Amino acid sequence: MHVIEATGYFDGMVASHRARVEELLTEADAAHRALLIAVPADVGASLPVDAQGITRAIEHIATAAGLSAPERRQLVSPHAVNPAVLHARVFGAAPLTAETVIGAFVEGARVRADALVTLAETIGHRDLVEQVHALLIEHPLPTADGHESTRDPAAALRDAYSAQEQAALEIAARLDVRDLN
């Protein structure tokens, strides 16, 4: 009998893609919480969300779905140009405004949302694509300038990131079903 370890592996193989994505998201959440405890409050306030778990989940799902290394890089390459990166190129180490920080998180989230939709389409199940689209639409990002008439931008980011995590879990679960067939 093979026991599934806490890492989601048994005999060196992934027990399930969903379990691995859950693990990646949990590890990233713990690291983000530890970071928030370790940094000054003003720095922590500028880090309302952390995308490492979603980014790692996308990488895992893309690999499991059979995308090549260049295809996987292409999924996230738009990260190279976001408001914070552009600010640094123009102004160097000058402090970022709250709008620039929110804009950077929003642009990163847009890249990941596109990647999640692409992964759902790659797997090829129309209902999965519709489910991922619905999750992302029901949990919209704030506008890139950080303003949204009815919601706090940081709260909207947290909600949208949570929806992206859920989308990643749904895609991973569909990969598990595909792999069983």
Side-chain angles (χ1 to χ4, degrees), residues 18-62 75-121 127-174:
R18 183 176 170 97
R20 180 63 180 142
V21 167
E22 286 174 347
E23 178 183 0
L24 293 168
L25 295 172
T26 300
E27 289 171 356
D29 182 57
H32 185 241
R33 289 174 193 255
L35 174 66
L36 293 178
I37 291 168
V39 299
D42 61 327
V43 174
S46 70
L47 303 169
V49 289
D50 183 285
Q52 291 302 310
I54 300 168
T55 301
R56 291 177 186 144
I58 288 170
E59 175 67 22
H60 173 81
I61 293 166
L75 279 177
V76 295
S77 65
H79 276 295
V81 183
N82 72 49
V85 171
L86 295 175
H87 182 278
R89 288 181 185 165
V90 174
F91 300 108
L96 299 172
T97 66
E99 289 81 14
T100 301
V101 171
I102 293 295
F105 282 112
V106 167
E107 290 306 314
R110 282 196 179 114
V111 170
R112 286 183 294 284
D114 289 345
L116 290 165
V117 169
T118 298
L119 290 171
E121 291 170 345
D127 59 331
L128 176 63
V129 174
E130 290 172 2
Q131 184 177 14
V132 168
H133 273 289
L135 270 170
L136 300 175
I137 290 167
E138 291 169 8
H139 304 276
L141 291 162
T143 58
D145 62 5
H147 299 292
E148 190 175 274
S149 60
T150 60
R151 295 179 71 192
D152 168 45
L157 274 171
R158 284 189 292 274
D159 184 50
Y161 273 55
S162 179
Q164 288 186 2
E165 290 176 350
Q166 184 61 41
L169 289 166
E170 296 298 331
I171 295 167
R174 186 58 58 102

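Please read all numbers here as calculations on a predicted model, not as lab measurements.
- Checking side-chain atoms of Q164 against main-chain N and O of A109 turns up a donor-acceptor pair under 3.5 Å.
- Judged by distance alone, with hydrogens and angles left aside, the side-chain atoms of S162 form no donor-acceptor pair with the main-chain N or O of R158 at under 3.5 Å.
- Between R110 and D114, none of the side-chain N atoms (NZ, or NE/NH1/NH2) sits under 4.0 Å from a carboxylate O, so this pair counts as no salt bridge.
- Separation of atoms CG (D152) and CG (D159) is listed at 11.5 Å; rounding is to 0.5 Å.
- Nearest heavy atoms, A154 versus I102: N-CD1, 4.4 Å.
- With values rounded to the nearest 0.5 angstrom, E165 atom CD is found 4.5 Å from L25 atom CG.
- Using a 4.5 Å cut-off on side-chain heavy atoms (C-beta onward), Q166 and L169 make contact.
- Atom CG of L36 sits about 8.5 Å away from atom CG of D50, to the nearest 0.5 Å.
- With L75 as the partner, the side chain to side chain contact (heavy atoms under 4.5 Å, CB included) test is satisfied by one option alone out of T55, I58, V111: I58.
- Between H139 and Y161, the closest side-chain pair of non-hydrogen atoms is not below 4.5 Å.
- A side-chain donor-acceptor contact under 3.5 Å links H32 to the backbone of L47.
- Going from atom CD of E121 over to atom CD1 of I171 covers 10.0 Å, rounded to the nearest 0.5 Å.
- Scanning both residues, P153 and P142, for their nearest heavy atoms gives O-CG, 3.7 Å.
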Distance-only check: which donor-acceptor pairs under 3.5 Å involve side-chain atoms of residues 128-137, not counting sequence neighbours?
{"unit_1": "Q131", "atom_1": "NE2", "unit_2": "E170", "atom_2": "OE1", "d": "3.3"}

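- Contact check on R56 versus E59 returns no salt bridge, with no Lys/Arg side-chain nitrogen under 4.0 Å from an Asp/Glu carboxylate oxygen.
- In this structure, R174 and D127 have side chains that are in contact, with non-hydrogen atoms separated by less than 4.5 Å.
- Among all heavy-atom pairs drawn from A172 and V21, the shortest one is CB-CG2, 3.7 Å.
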